[in-house]
Amino acid sequence: MKLRIFIIGLVALALAGCKKILEPEPENLKTIEQMYTDANFAQGFLINAYRTIPAYYDNSDFATDDAVTNQLTHPYLQLASGSWTAASNPASVWNQSYEAMQYINLFLANSAKVSWAVDPESSKLFNIRMRGEAFGLRGLYLYFQLRNHGGIASNGQLTGVPIITQYQNATSEFNLPRASFDACVKQIYKDLDSAEAYLPVEYNDVSSAAQIPARFRSVTQNAETYNRVMGQYARQLFNGLIAKSFRTRTALLAASPAFKNASNSLTWADAADYAAQIIDYKGGANSLPQNGGTYYANTAEVDGLGGGNNPSEVIWRENIVTNDGTQEGQHFPPSLFGNGLMNPTQNLVDAFPMANGYPIDHPNANYLSANPYVGRDPRFGKYIFFNGSTAGVSNTVIRTGSGSGSDDGVNVRATSTRTGYYMKKRLRMDVNRNPISISGKTHYNPRIRYTEMYLAYAEAANEAWGPTGLGTHTYSAYDIIKNIRKRAFGFSSDPYLEECKSDVGKMRELIRNERRLELCFESFRFWDLRRWKVDLTKLNETARGMDVNGNVFTPLSVEPRAFQSYMYYGPIPNSEVLKYSQLIQNQGWK
């Protein structure tokens with residue numbers, strides 16, 4: 001367990017002069033006590049925790065039935081092809097999480113002693129806010145640890161990860177056992193509860209003392225003081241709405257089939273209730289942002305971001321980056337001067353229904369295998385480049401056939417598609433990667449989207465109360481999916497949804513498919529398949545493609561999968577199990 005982070009590794013080292021590079025001046029080696037008088041240094045412990053939050057776009061989709069990659073040495077390709085071991089695990093978040101929690105625990109142990117500002121009211125508010133951030137971040141990291149490393153241990157018990165809520169120094173006990181799954185969930189909830197108690201739901205300026213949330217008025221009744229600490233300048237820091245979102249994610253994970261166990265008391269109703277808090281805050285079932293499905297390409301909205309504002313679809317995001325074309329450089333087809341890394345599969349293409357809402361294998365679908373890209377779900381053309389798509393600043397026609405004479409053709413070159421498709425989602429079409437006239441645009445990476453929370457409610461509510469059951473709420477799983485599909489298709493009526501609404505099983509498959517489509521290429525599929533504990537044959541479904549040349553469509557078997565039954569749960573790093581005798585590995589992993 002990579003927990004031994006000594007103070008010298010937690011502080012910024014400033015070495016003065018080349019001749020003294022091995023003998024730094026003592027005054028440049030900061031001590032913990034210097035936190036108390038140096039607020040920037042103290043805040044740096046939290047900043048370090050923010051820096052290692054797991055990436056939203058981790059491209060784990062390469063190891064699912066949704067995509068492959070043309071980068072044949074990519075760790076997720078190797079994982080899916082049989083090289084996933086406890087010693088080689090690109091999905092591990094173990095070290096980064098415990099390192100971040102060390103920073104957080106050290107901060108929490110000392111923050112009350114820090115002089116955050118000259119003004120006593122501001123100083124107290126800063127301490128309140130940053131402690132709230134710290135508790136929230138600790139809950140966040142424990143959630144990712146539980147998702148990626150929790151599971152059925154070799155002793156047959158549903159098990160979580162070690163819970164560490166105190167800073168570990170050189171004399172601490174590091175040989176710690178894994179806590180139960182249930183204890184980890186309760187610790188996440190406890191930290192998120194603390195975050196909500198300390199933080200506003202969102203960071204917004206107030207214009208008068210009356211608008212200051214009641215729990216902060218005992219600290220200050222000065223609007224300017226409140227805004228300095230809890231106002232718009234703090235946006236994109238952890239807040240109460242983010243805490244609600246991670247509580248929803250945790251509950252959805254815990255209620256799922258892979259983790260349902262007599263020792264785990266979480267229910268689908270719990271997950272639905274937590275998600276409903278976010279939906280209610282947003283304004284209800286009918287308040288799903290109408291442009292949320294194209295959050296990455298709403299150019300006017302993205303270009304207009306400022307002052308820490310979020311798009312209407314986004315609960316939390318990373319900082320904006322201007323004049324950027326990194327995603328496009330990675331994923332554009334070769335004809336647009338990209339490396340074509342994300343190759344959507346035919347498996348995913350087949351999951352997009354027809355424009356009338358019916359799955360392509362339904363008798364009412366009107367699907368034509370000789371003309372498969374016509375009359376499809378509008379999201380298909382928004383998320384995937386297929387043969388004949390136009391793209392880029394010059395509306396270049398993408399030709400994916402191996403005999404098309406284009407570098408975009410299947411397996412023509414190292415940067416060409418392996419499946420006959422390229423990813424379009426996440427990319428802006430007004431970015432130019434041509435070296436002669438290269439230009440970038442404003443981008444941001446989301447961390448949490450409202451659509452994810454609405455889908456979480458739909459899934460949990462269907463399992464808890466059936467497709468049209470309400471629980472204690474005013475909307476059902478059916479209502480949520482109706483709005484999601486109406487946004488996607490522009491429906492005035494949805495006959496396939498009506499067909500599903502009387503059957504929990506049919507609605508389950510529809511909700512899971514809507515989640516697959518709405519969140520494709522956003523790093524959910526890998527973990528969704530596992531928490532649902534889908535049949536092993538589904539985990540090992542061969543990734544397929546399509547070679548299109550003229551009117552000839554040739555199916556391709558692109559990449560087999562090699563997952564074993566124990567791989568529903570990720571491993572504990574082998575190096576940690578070897579070091580610590582009390583750290584029990586998950587079943588099957590070596």
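Since this is a predicted model, take the numbers as computed values, not measurements. Sequence positions, counted from 1, serve as the residue numbers for this chain.
- Both cation-pi conditions hold for Lys282 and Tyr450: the charged atom is under 6.0 angstrom from the six-membered ring centre and inside a 45 degree cone around its axis.
- Between Phe524 and Tyr56, the two ring planes are perpendicular [angle over 60°; tilted spans 30° to 60°].
- Side-chain contact check for Glu313 and Thr451: at least one donor-acceptor pair (N or O, by modelled atom type) lies under 3.5 Å.
- A donor and an acceptor atom, one from each side chain of Arg531 and Ser256, are located under 3.5 Å apart.
- The side chain to side chain donor-acceptor pair (under 3.5 Å) analysis of residues 66-83, with sequence neighbours excluded, yields the pairs Asp66-Arg516.
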Checking Phe259 against Leu266 for the side chain to side chain contact (heavy atoms under 4.5 Å, CB included) test, could you report, in this order, the C-alpha distance in whole Å, the side-chain angles of both residues, the deciding distance, and whether it holds? CA-CA 9 Å; Phe259 299 100; Leu266 265 291; over 6 Å; no
How far apart are the C-alpha atoms of Tyr296 and Leu427, what are their side-chain angles, what is the distance that settles it, and do they pass the side chain to side chain contact (heavy atoms under 4.5 Å, CB included) test? CA-CA 7 Å; Tyr296 53 93; Leu427 311 181; 5.8 Å; no
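- Counting heavy atoms from C-beta on, the side chains of Pro200 and Phe216 come closer than 4.5 Å.
- Nearest heavy-atom pair across Lys590 and Asn574 is C-OD1, 4.2 Å.
- Here the side chains of Ile384 and Leu348 are in contact, with some heavy-atom distance below 4.5 Å.
- In this structure, Phe246 and Ile448 have side chains that are in contact, with non-hydrogen atoms separated by less than 4.5 Å.
- Side-chain polar atoms of Tyr457 and Thr248 form no donor-acceptor pair below 3.5 angstrom.
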Worked check of salt bridge (charged side-chain N to carboxylate O under 4.0 Å, His left out) between Arg515 and Asp528: CA-CA 9 Å; Arg515 183 177 175 91; Asp528 281 346; 2.6 Å; yes
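- No donor-acceptor distance shorter than 3.5 angstrom exists from the side chain of Gln157 to the backbone of Thr159, with no hydrogens or angles considered.
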Using side-chain hydrogen bond (donor to acceptor under 3.5 Å, both in side chains), reason through Thr415 and Asn339 one step at a time and then give a plain yes or no. CA-CA 5 Å; Thr415 55; Asn339 289 316; 5.1 Å; no
Before giving the answer on side-chain hydrogen bond (donor to acceptor under 3.5 Å, both in side chains), spell out for Ser439 and Asn323 the whole-Å C-alpha distance, their side-chain angles and the decisive distance to 0.1 Å. CA-CA 7 Å; Ser439 65; Asn323 193 30; over 6 Å; no
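- The two atoms that bring Ser92 and Trp94 nearest to each other are OG-N, 3.3 Å, heavy atoms only.
- The closest side-chain heavy-atom distance from Asn310 to Gln236 is below 4.5 Å.
- The distance from atom SG of Cys184 to atom OH of Tyr143, rounded to the nearest 0.5 Å, is 13.5 Å.
- Shown here for Pro213 and Tyr226, the closest heavy-atom pair between the two residues is CD-OH, 3.4 Å.
- In terms of modelled atom types and a separation under 3.5 Å, the side chain of Asp38 and the main chain of Gln34 share no donor-acceptor contact.
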With side-chain hydrogen bond (donor to acceptor under 3.5 Å, both in side chains) as the criterion, how do Tyr295 and Ser312 come out once you've worked through the C-alpha distance, each side chain's angles and the decisive distance to 0.1 Å? CA-CA 9 Å; Tyr295 66 92; Ser312 59; over 6 Å; no
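- Taking each heavy atom of Ile584 and Ala153 in turn, the nearest pair found is CG2-CB, 4.0 Å.
- Taking Arg228 as the reference, nothing meets the salt bridge (Lys or Arg N to Asp or Glu O under 4.0 Å) condition, with sequence neighbours excluded.
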Working for salt bridge (charged side-chain N to carboxylate O under 4.0 Å, His left out), residues Arg138 and Glu133: CA-CA 9 Å; Arg138 193 168 70 185; Glu133 292 176 61; over 6 Å; no
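- When side chains are defined from C-beta on, Ile32 counts as touching Asn110, because their heavy atoms get closer than 4.5 Å.
- A cation-pi arrangement is found for Arg247 relative to Tyr274, the charged atom lying closer than 6.0 Å to the ring centre and inside a 45° cone about the ring normal.
- Taking Phe238 as the reference, Trp316 meet the ring-ring contact (aromatic ring centres under 6.0 Å, His included) condition, with sequence neighbours excluded.
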List the steps, then state whether salt bridge (charged side-chain N to carboxylate O under 4.0 Å, His left out) holds for Glu522 with Arg449. CA-CA 11 Å; Glu522 296 179 54; Arg449 294 173 52 204; 2.6 Å; yes
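- Of the charged side-chain nitrogens involved, none lies within less than 4.0 Å of a carboxylate oxygen, so that Asp191 and Lys186 do not count as a salt-bridged pair.
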Residue pair Arg235, Asn309: steps toward the side-chain hydrogen bond (donor to acceptor under 3.5 Å, both in side chains) verdict: CA-CA 7 Å; Arg235 287 173 180 166; Asn309 291 319; 2.6 Å; yes
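- More than 12 heavy atoms of other residues, nucleotides or ligands lie within 6.0 Å of CD in Gln232, so this atom counts as buried by the packing criterion.
- In this structure, the side chains of Leu146 and Phe181 come closer than 4.5 Å at one or more pairs of heavy atoms.
- With no hydrogens or angles considered, a side-chain donor-acceptor pair links Asp58 and Ser523 at under 3.5 Å.
- Residue Ile104 forms a side-chain contact (heavy atoms from CB on, under 4.5 Å) with just one option from Ile164, Leu137, Asn48, and that option is Leu137.
- Closest approach of Gln585 and Arg178 over heavy atoms only: C-NH1, 3.8 Å.
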List the steps and the verdict of side chain to side chain contact (heavy atoms under 4.5 Å, CB included) for Phe62 and Asn59. CA-CA 6 Å; Phe62 294 158; Asn59 292 330; 3.6 Å; yes
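- Annotation: cation-pi geometry not satisfied between Arg530 and Tyr569 (NZ/CZ under 6.0 angstrom from ring centroid, within 45° of ring axis).
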Would you sort out whether Glu328 and Lys441 count as a salt bridge (charged side-chain N to carboxylate O under 4.0 Å, His left out), showing the intermediate values? CA-CA 10 Å; Glu328 291 75 17; Lys441 293 291 181 181; over 6 Å; no
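- Using modelled atom types, one finds a donor on one side chain and an acceptor on the other under 3.5 Å when comparing Asn261 with Ser263.
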Starting from the C-alpha separation in whole Å, work towards a yes-or-no answer on ring-ring contact (aromatic ring centres under 6.0 Å, His included) for Trp84 and Phe526. CA-CA 13 Å; Trp84 193 10; Phe526 184 85; 5.6 Å; yes
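- Rounded to the nearest 0.5 Å, atoms CZ (Phe332) and CZ (Arg433) are 8.5 Å apart.
- How far CH2 of Trp116 is from CZ of Arg129: 8.5 Å, rounded to the nearest 0.5 Å.
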Apply side chain to side chain contact (heavy atoms under 4.5 Å, CB included) to residues Gln102 and Tyr98 and explain how you reach the verdict. CA-CA 6 Å; Gln102 279 281 72; Tyr98 280 120; 5.8 Å; no
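- When side chains are defined from C-beta on, Trp532 counts as touching Arg512, because their heavy atoms get closer than 4.5 Å.
- The two residues Asn298 and Asn291 come nearest to each other via the heavy atoms ND2-O, 2.9 Å.
- Contact check for Pro344 versus Phe521: side-chain heavy atoms found under the 4.5 Å cut-off.
- Geometrically, Arg561 does not engage Phe563 in a cation-pi contact defined by less than 6.0 Å to the ring centre and at most 45° from the axis.
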